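Below: the structure, in structure tokens.
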Amino acid sequence: MAPPPEAPVMRRCPRCGHLTRADRMVKGFGRDCATLLGLTGRSIDTGHEGPDLLDYLREQTEEEDACDGWDRPADRPL
């Protein structure tokens with residue numbers, strides 16, 4: 001009789017707190033949270049030359065982005 005298979009190692013996702021199989025985590029996050037955080041890409045990086053969209057956006061603004069995170073509703077104290 002074969003021994004029972006070992007249970008996969010489970011870890012909590014630091015973002016949502018759900019238990020996730022450690023071998024299926026992406027950079028320490030569960031797969032859904034990693035996708036929401038932009039840690040998984042769905043396109044291939046082909047490289048490019050010249051300016052990109054962020055360079056054009058930087059030219060359109062008159063001041064530097066001074067976002068320190070406290071102006072976002074989710075980061076405001078209760």
Side-chain angles (χ1 to χ4, degrees):
M1 183 174 214
E6 293 184 28
V9 176
M10 302 294 278
R11 293 201 177 121
R12 291 205 179 273
C13 173
R15 181 178 176 274
C16 67
H18 288 118
L19 282 175
T20 306
R21 284 180 50 174
D23 60 336
R24 293 188 177 171
M25 294 182 102
V26 178
K27 297 186 180 183
F29 294 94
R31 296 179 94 177
D32 291 338
C33 289
T35 302
L36 289 173
L37 293 170
L39 298 175
T40 59
R42 298 202 182 265
S43 64
I44 299 170
D45 183 13
T46 59
H48 71 278
E49 293 183 18
D52 60 8
L53 178 61
L54 296 176
D55 294 326
Y56 288 120
L57 289 174
R58 202 170 296 122
E59 291 173 4
Q60 300 296 322
T61 60
E62 292 145 11
E63 60 193 45
E64 280 294 315
D65 182 18
C67 176
D68 62 1
W70 289 104
D71 60 341
R72 294 179 289 205
D75 292 335
R76 291 184 190 147
L78 298 174

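The structure displayed is predicted, hence computed values, not measured ones.
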Checklist outcome for this item: Applied to residues 26-39, the salt bridge (Lys or Arg N to Asp or Glu O under 4.0 Å) test, sequence neighbours excluded, yields none
Please tabulate, one pair per line, all N/O donor-acceptor pairs under 3.5 Å involving side-chain atoms of residues 12-21, not counting sequence neighbours.
| from | atom 1 | to | atom 2 | distance (Å) |
| --- | --- | --- | --- | --- |
| Arg12 | NH1 | Gly17 | O | 2.7 |
| Thr20 | OG1 | His18 | O | 3.4 |
| Arg21 | NE | Asp23 | OD1 | 3.1 |
| Arg21 | NH2 | Asp23 | OD2 | 2.8 |

Checklist outcome for this item: Correct closest heavy-atom pair for Met25 and Gly30 would be CE-N, 4.2 Å
Checklist entry - Which ILVMFWY residues are connected to Phe29, directly or by a chain of links, through side-chain heavy atoms under 4.5 Å apart? => result Val26, Leu37, Leu39
